[in-house]
Enquirer: 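Got a structure here, written out as structure tokens. Questions coming.
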Amino acid sequence: MASGFQTLPGFRDFAPSDCLLRNYLFETWRSVARRYGFSEYETPLLEPTDLYLKKSGDELPTQLFRFPDQGERDVTLRPEVTASLARLAAAEQRNYPKPLKWFEIGQCFRYEKPQKGRTREFYQFNTDILGDDSPAADAELIALAIDTMRALGFGPADFQVRLSDRQVWQAFAEQKGLDESQLATLLAIIDKKDKVPEEKTATALAEISLVPSDLSDLFENPDNASPRLTEVLTNLETRGLGDYLTVDLSIVRGLAYYTGIVFEVFDTSRSLRAVAGGGRYDTLVSTLTDGKTDLPAIGFAIGDVVIGHFIEETTPAKLQFEQWKQNQATCDLYLVIDNEDLRPDALKLAQQLRDAGIRIDFPLTKTKFDKQLKAASATRAPYALILGQDFPELKLRHLSTRSNETIRANADLISTIQSKLENPEGGLLA
RNA sequence: GUGGCCGUAGCUCAGUUGGUAGAGCCCCUGAUUGUGGUUCAGGUUGUCGCGGGUUCGAGUCCCGUCGGUCGCCCCA
């Protein structure tokens with residue numbers, strides 16, 4: 001502040017302590033994706049602006065980080081990865097067996113007004129299944145979404161996946177003789193119906209020649225409304241994930257490119273904006289490739305910002321994260337150099353231990369003994385190795401139990417330490 | 001794009017009816033315990049967001065501006 005520079009609005013510095021949350025999320029996301037047999041990919045952060053203009057059907061998106069580059073190209077920091085993925089998948093799909101199960105973790109940028117749960121730069125976990133238009137693929141992806149939440153420590157009392165199917169409204173519109181723009185109006189009304197007074201909803205419906213009771217039949221019998229939705233539900237219930245699901249046909253997910261099943265992850269207390277969302281987009285790849293590649297797809301994305309708040313507000317999830325942090329030691333073994341004459345021996349030892357893959361830290365300059373032990377415990381390392389006057393006899397100190405044992409700096413030292421690190425004696429938890 | 005609230009040391013903040021700045025925490029040093037999360041002592045940093053105005057005098061009042069935050073619109 002006083003030093004002049006600060007981050008741009010909506011952008012964040014990640015101090016080491018902030019990186020802990022980020023790494024925790026990334027680690028968890030990756031492990032869930034791999035459990036589901038997904039492969040990781042990545043695409044550029046900077047893309048030609050046309051990629052996004054074309055995707056949104058020439059509807060000019062307003063919230064882009066868009067500028068001309070030095071070569072006068074109209075470029076944009078990616079606001080999402082789905083468009084890039086569609087391009088990549090179209091180009092590469094012949095090289096991979098179907099379905100493609102791909103995921104990506106990366107930054108996106110949107111020029112929006114920052115507020116709680118919304119920044120101008122954020123990380124997103126994107127998962128997509130391409131080349132399979134079955135309800136089973138829908139269920140597989142939604143299961144992954146649910147397990148992503150479960151892996152972070154959330155239970156069915158904390159969050160719900162609200163499921164819908166845009167085909168329901170499409171069919172409804174056809175039946176009622178609504179045209180394309182009237183359908184869009186209808187979806188907007190449905191999307192807002194819980195926020196707006198009933199009279200307003202009725203008035204808005206009247207403008208497209210509908211009455212509220214036209215909708216209530218569908219809301220009350222969602223099972224009948226969409227056989228596909230029922231099939232997806234059955235699939236997920238068979239997996240034992242039924243407790244996490246709520247059918248809610250009012251979920252329509254913006255107006256972009258979704259063509260079928262859509263879903264959102266909500267916190268049950270509803271104190272946050274949607275935590276995650278996704279849906280089926282069977283025509284996007286075709287649109288972006290001018291019809292050359294037809295690849296049905298369903299995708300899901302979750303950002304780091306809202307989920308961060310959600311973890312903070314949910315006790316079990318927060319405790320799980322705290323526990324994970326406890327185990328993030330920055331080194332395995334701290335060398336305590338009690339006598340500066342032994343520094344050359346300590347340096348040799350440090351190098352050997354590091355070559356063996358053991359994480360080593362030690363004081364870079366002459367430091368008092370008690371300071372060294374303090375530094376050692378600050379690293380959360382399980383052990384300190386004390387080089388003292390009895391060298392080459394060493395003391396291995398168990399930092400959690402505050403007990404010492406004597407070991408010798410001989411050829412077996414490294415393997416001795418390795419086996420101790422692999423089989424810790426006694427609890428490491430306080 | 002629009003509205004409310006806020007902007008004082010690295011962090012959290014206090015600053016009484018306007019008189020040229022404080023506390024706690026953190027960090028660092030020292031002492032003590034000569035192998036650690038204690039205690040004690042000491043120390044660093046502020047053009048009080050920025051610009052202008054009122055006043056003998058403004059962190060304290062007024063205007064503007066920038067920034068932060070929360071909400072609305074929007075949310076791929």
Side-chain angles (χ1 to χ4, degrees), chain A residues 1-13 15 17 47 49 51-57 59-65 76-86 108-120 122 124 126 128 188 191-192 195-196 251-258 262 264 271-279 281 284 287-288 299-303 305-306 309 334-339 363 367-390 394-406 430:
Chain A
M1 208 156 51
S3 63
F5 291 115
Q6 57 187 103
T7 60
L8 289 166
F11 283 73
R12 301 167 291 172
D13 279 327
S17 65
E47 293 278 16
T49 302
L51 180 63
Y52 305 109
L53 300 186
K54 182 161 189 174
K55 175 185 156 232
S56 59
E59 211 176 286
L60 204 71
T62 54
Q63 295 170 323
L64 297 176
F65 267 95
T76 292
L77 285 167
R78 66 181 183 196
E80 50 144 33
V81 299
T82 305
S84 306
L85 166 65
C108 293
F109 304 84
R110 294 178 190 175
Y111 199 91
E112 302 186 278
K113 176 127 183 181
Q115 52 187 277
K116 188 178 183 186
R118 179 193 278 181
T119 55
R120 287 182 172 179
F122 51 92
Q124 253 193 0
N126 276 268
D128 294 87
D191 189 35
K192 290 191 170 71
K195 291 184 185 176
V196 171
I251 301 296
V252 294
R253 292 287 296 161
L255 302 171
Y257 46 72
Y258 290 115
V262 288
E264 290 188 341
S271 73
L272 301 167
R273 62 188 67 239
V275 175
Y281 55 97
L284 180 63
T287 301
L288 284 175
F300 147 79
I302 181 168
V305 180
V306 177
H309 285 122
Y334 193 95
L335 295 186
V336 174
I337 304 169
D338 193 18
N339 178 348
T367 304
K368 290 187 175 180
F369 195 89
D370 62 332
K371 297 277 184 192
Q372 295 192 54
L373 278 183
K374 259 189 185 178
S377 58
T379 67
R380 296 187 186 283
Y383 298 107
L385 188 62
I386 301 170
L387 287 74
Q389 53 199 5
D390 299 329
L394 306 169
K395 282 179 184 150
L396 185 67
R397 184 168 179 80
H398 301 231
L399 290 169
S400 56
T401 61
R402 303 187 174 214
S403 61
N404 292 338
E405 66 177 289
T406 301

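Naming: A, B, ... by sequence-line order, numbering from 1 per chain. Keep in mind that the numbers below use all heavy atoms, side chains included, and drop hydrogens, waters and symmetry copies.
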Enquirer: Rounded at 0.5 Å granularity, tell me how far CG in A:Asn404 sits from OH in A:Tyr383.
Expert: 12.5 Å
Enquirer: Picking from A:Leu335, A:Leu396, A:Val336, what satisfies side-chain contact (heavy atoms from CB on, under 4.5 Å) with A:Ile386?
Expert: A:Val336
Enquirer: Reading RNA chain B 5' to 3', how would its secondary structure be written in dot-bracket notation, given Watson-Crick and G-U pairs with both distances under 3.5 Å, brackets [ ] for crossing pairs and | for partners on other strands?
Expert: (((((((..((((........)))).(((((.......))))).....(((((.......))))))))))))....
Enquirer: Within the 4.0 Å limit for protein heavy atoms, which parts of nucleotides 33-40 of chain B are touched? Write it as a string from 5' to 3', B for base, S for sugar-phosphate only, - for none.
Expert: B-BBB---
Enquirer: One pair to check against side-chain contact (heavy atoms from CB on, under 4.5 Å): A:Glu405 and A:Lys395. What are the steps and the verdict?
Expert: CA-CA 6 Å; A:Glu405 66 177 289; A:Lys395 282 179 184 150; over 6 Å; no
Enquirer: Please confirm whether A:Arg120 makes a cation-pi placement over A:Tyr111, using NZ or CZ under 6.0 Å from the six-membered ring centre and within 45° of the ring normal.
Expert: yes
Enquirer: Which residue, A:Tyr111 or A:Lys371, contacts RNA chain B at a nucleotide closer to its 5' end, judged by nearest heavy atom?
Expert: A:Lys371
Enquirer: Using atom OH of A:Tyr257 as one end and atom P of B:C75 as the other, report the distance to the nearest whole Å.
Expert: 13 Å
Enquirer: Whole-Å distance between B:A76 C1' and A:Asp191 CG?
Expert: 14 Å
Enquirer: Mind checking the P distance from B:U60 to B:G19? Whole angstroms is fine.
Expert: 11 Å
Enquirer: Rounded to the nearest 0.5 Å, what's the gap from OG1 on A:Thr76 to OH on A:Tyr52? Could you check?
Expert: 7.0 Å
Enquirer: Could you tell me whether the side chain of A:Pro363 reaches within less than 4.5 Å of the side chain of A:Tyr334, counting heavy atoms only?
Expert: yes
Enquirer: Taking atom C1' in both B:C13 and B:C48, compute the distance separating them and give it to the nearest angstrom.
Expert: 13 Å
Enquirer: Report the distance from atom CZ of A:Phe11 to atom P of B:G68, rounded to the nearest whole Å.
Expert: 12 Å
Enquirer: Would you call A:Phe122 and A:Val306 a side-chain contact if the rule is heavy atoms closer than 4.5 Å?
Expert: no
Enquirer: Find out whether A:Thr287 and A:Tyr257 are in side-chain contact, i.e. whether some heavy atom of one side chain is under 4.5 Å from a heavy atom of the other.
Expert: no
Enquirer: With rounding to whole Å, what would you report as the distance between B:U65 and B:C56 at their P atoms?
Expert: 28 Å
Enquirer: Whether A:Arg110 contacts B:C75 is assessed here as follows: a side-chain N or O lying under 4.0 Å from the phosphate OP1 or OP2. Is that the case?
Expert: no
Enquirer: If the C1' atom of B:G59 is compared with that of B:G15, how far apart are they to the nearest Å?
Expert: 8 Å
Enquirer: Please test A:Val252 against A:Val262 for side-chain contact (heavy atoms from CB on, under 4.5 Å), starting from the C-alpha separation and ending with a verdict.
Expert: CA-CA 7 Å; A:Val252 294; A:Val262 288; 5.6 Å; no
Enquirer: Could you go through nucleotides 3-6 of chain B and list every protein N or O atom that sits under 3.5 Å from one of its N or O atoms, giving the distance for each pair?
Expert:
none

Enquirer: With rounding to the closest Å, how many angstrom separate the P atoms on B:C27 and B:U20?
Expert: 33 Å
Enquirer: Mind calculating the distance between CZ (A:Arg118) and P (B:G1) to the nearest angstrom?
Expert: 13 Å
Enquirer: Consider only side-chain N and O atoms of A:Arg273 and A:Gln115, and report whether a donor and an acceptor are under 3.5 Å apart.
Expert: yes
Enquirer: On a whole-Å scale, what distance lies between the C1' atoms belonging to B:C11 and B:C26?
Expert: 7 Å
Enquirer: Please state how far atom CD in A:Gln115 lies from atom P in B:C70, giving the value in whole angstrom units.
Expert: 8 Å
Enquirer: Tell me which of A:Phe109 and A:Leu8 sits closer to the 5' end of RNA chain B, going by the nucleotide each one is nearest to.
Expert: A:Leu8
Enquirer: Using a 4.0 Å heavy-atom cut-off across all strands, classify A:Gln63 as base, sugar-phosphate, or nothing.
Expert: base
Enquirer: For B:C40 versus B:U33, give the span between their C1' atoms, rounded off to a whole number of Å.
Expert: 12 Å
Enquirer: Return yes if some donor-acceptor pair links the side-chain N/O of A:Thr367 with the main-chain N/O of A:Lys371 below 3.5 Å, else return no.
Expert: no
Enquirer: Quick one: does A:Gln372's side chain have a donor or acceptor within less than 3.5 Å of a partner on A:Ile337's backbone?
Expert: yes
Enquirer: Can you tell me, in whole Å, how much space there is between the C1' of B:G71 and that of B:C63?
Expert: 26 Å
